[in-house]
Amino acid sequence: MKGTGNKGEWSEVYAHFKILEEGFLYPADKNMQRLEANKIPVISVLRHDAPDKEKPKEVIYSVCQNEKLIRIVVGDVALLDIEQTEFGVQAQALFQSLVDNEDKTDTKYAATRSFMERAQMFRLKAPSTDKSDICLVIHDLHSGRQWRQGYSVKSYIGSKPTLMNASKSTNFRYRLDGWFNPCRIDEFNETKSMERKMEMLWEEEWDLQFLCTENPKFGNNLTYVDSALSKMLAVGLPAVYGKQTKDRSLRAVAEYLAEVNPCGFPEEEKLDFYVHKFKQLLIAFALGMTPSKSWKGRYDANGGYIVVREDGEVVCYHFYERNELEDYLFENTVIDTPSQGKHKFGQIYAIDGEFYLDLNFQIRFK
């Protein structure tokens, strides 16, 4: 089997096993608690896979609930049946490997790899043409139809997952206006704490004028989602870094923006405006948009989100239950501080006599 894999990738395999064991998807509320009465039958799990150097074929894992079997079909050939309970045993063993922080080696996954090959899973992460991590055919209880849908998988096992990864593309560029003491600029650049750096800006009465995102495609994507987002984030980021918000949550940032109201929204509804616009941004990141590629509103993970909880339970948020998905994302995300050195931000620099500062934007789950 090719690839060593990180916890996120192994969590996708775990979700695959767990869904086949249970034969259902369980929707959740905004606190990731299962809504047992709303469970959705899974008809099959789909994957494109093959042994190394062979052309990938569609592998269908059909859930035969009456027989308690998973029927594995490769191409048009039914190869074998595996009992659902065996996928459960393998899921539990994989979960124990994932939470074992003492053994850092890849050998702890040896038994899982052996079972995966028996179950026609030869690559840790199967090839994909879109952003979805797992493809399912479900029985839609609303319409009575079967739907083939892609889902993004996020795992809380190990480090908290990111919703939007940091990169140089997610830097926001500001021009600094004011009188500049060269000694203070050197002191600023030598300071590691972003909170202290923001305090120094205010002490020197340097004014931050937002110019653009470092990657124009990211700026265009933000505008495509909502024309107010660039301005909202340009005002919110310095406040988060300077700890002017009560915490780093998207709700706290929305509340801060409602206080200063940079977009001039109606006074009696201003918080609702900022919350709604952040929710649209989170949905876009969750289901299709990336900072460095032009985005035109296509949701690639069209089924929604599958979440592997810290305790191993697997829950989902369906795109057609959009309110629940928006609430989950909004209530469970924070603006994170990535590495200043890696992403080239947090340093004052000069171009043609003008001084500039970049601040990075990253969203992580709580």
Side-chain angles (χ1 to χ4, degrees), residues 6 8-9 125 128-133 150-155 159-175 194 208-241 248-250 253-254 257 262-263 274 276-302 304-305 319 325-326 328-330 332-347 349 356-366:
N6 55 41
E9 290 169 333
K125 190 173 180 66
S128 177
T129 57
D130 56 37
K131 283 176 60 67
S132 61
D133 297 314
Y151 293 82
S152 177
V153 177
K154 292 294 181 182
S155 172
S159 300
K160 296 296 188 292
T162 56
L163 177 64
M164 187 209 73
N165 292 323
S167 68
K168 288 187 67 179
S169 292
T170 62
N171 282 338
F172 279 62
R173 181 159 296 162
Y174 301 81
R175 187 182 69 242
M194 284 302 302
L208 285 174
Q209 296 292 329
F210 173 64
L211 299 178
C212 61
T213 55
E214 183 164 335
N215 188 331
K217 291 180 180 178
F218 182 38
N220 291 340
N221 289 348
L222 291 175
T223 301
Y224 200 91
V225 177
D226 193 291
S227 59
L229 280 170
S230 290
K231 188 170 187 177
M232 288 168 52
L233 292 173
V235 174
L237 278 178
V240 171
Y241 279 114
R248 290 177 169 268
S249 68
L250 269 293
V253 180
L257 290 172
C263 299
Y274 289 109
H276 173 73
K277 292 178 186 302
F278 271 141
K279 285 183 176 181
Q280 305 319 298
L281 177 64
L282 295 172
I283 284 283
F285 278 133
L287 301 181
M289 188 175 79
T290 59
S292 58
K293 295 182 180 180
S294 295
W295 185 74
K296 301 301 179 186
R298 176 181 174 83
Y299 295 115
D300 292 324
N302 61 339
Y305 248 44
F319 183 61
L325 178 55
E326 287 180 356
Y328 159 70
L329 294 171
F330 184 69
N332 290 279
T333 49
V334 297
I335 294 179
D336 200 14
T337 304
S339 166
Q340 295 180 51
K342 181 178 180 180
H343 302 299
K344 308 299 182 185
F345 74 97
Q347 299 278 300
Y349 57 97
Y356 300 89
L357 174 68
D358 296 342
L359 296 178
N360 194 266
F361 177 52
Q362 176 177 260
I363 303 178
R364 182 179 293 278
F365 286 93
K366 293 179 182 178

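This structure is a prediction, so every number in the text was calculated from the model and none was measured.
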task: Using the side-chain hydrogen bond (donor to acceptor under 3.5 Å, both in side chains) rule, collect all pairs that involve residues 215-227, keeping only residues at least two apart or in two chains.
output: S169-N215, D226-K277

- request: Give every residue pair that meets the salt bridge (charged side-chain N to carboxylate O under 4.0 Å, His left out) criterion with at least one member in residues 356-366, sequence neighbours excluded.
  value: R173-D358, D336-R364

statement: Taken in chain and number order and not counting sequence neighbours, the residues that satisfy ring-ring contact (aromatic ring centres under 6.0 Å, His included) with F218 are none

task: Any pair with a residue in residues 278-294 that passes salt bridge (charged side-chain N to carboxylate O under 4.0 Å, His left out), sequence neighbours left out, goes on the list, sorted by first then second residue, please.
output: K279-D327

- line: side-chain contact (heavy atoms from CB on, under 4.5 Å) with L282: of T333, L325, N332, only one passes, and it is T333

- prompt: For G236 and V253, which heavy atoms make the closest approach, and how far apart are they?
  reply: CA-CG1, 4.3 Å

task: Using ring-ring contact (aromatic ring centres under 6.0 Å, His included) as the criterion, list what pairs up with Y174, not counting sequence neighbours.
output: F210

field: Partner set under side-chain contact (heavy atoms from CB on, under 4.5 Å) for A166, not counting sequence neighbours
entry: T170, P338, H343, N360, Q362

message: According to salt bridge (charged side-chain N to carboxylate O under 4.0 Å, His left out), who are the partners of K168, at least two apart in sequence or on a separate chain?
response: E214

- request: Please list, chain by chain and in numerical order, all residues satisfying ring-ring contact (aromatic ring centres under 6.0 Å, His included) with F361, sequence neighbours excluded.
  value: none

field: Pairing residues for S155 by the side-chain contact (heavy atoms from CB on, under 4.5 Å) criterion, not counting sequence neighbours
entry: S11, I157, V308

field: Test side-chain contact (heavy atoms from CB on, under 4.5 Å) applied to K231 - qualifying residues, sequence neighbours left out
entry: P262, C263

- line: Residues passing the ring-ring contact (aromatic ring centres under 6.0 Å, His included) test with Y241, sequence neighbours excluded, are none

statement: Looking only at heavy atoms, the pair that brings A284 and W295 closest together is CB-CH2, 3.8 Å

- line: Residue set satisfying side-chain contact (heavy atoms from CB on, under 4.5 Å) with Q280, at least two apart, ordered chain then number -> V225, H276, R322, E326

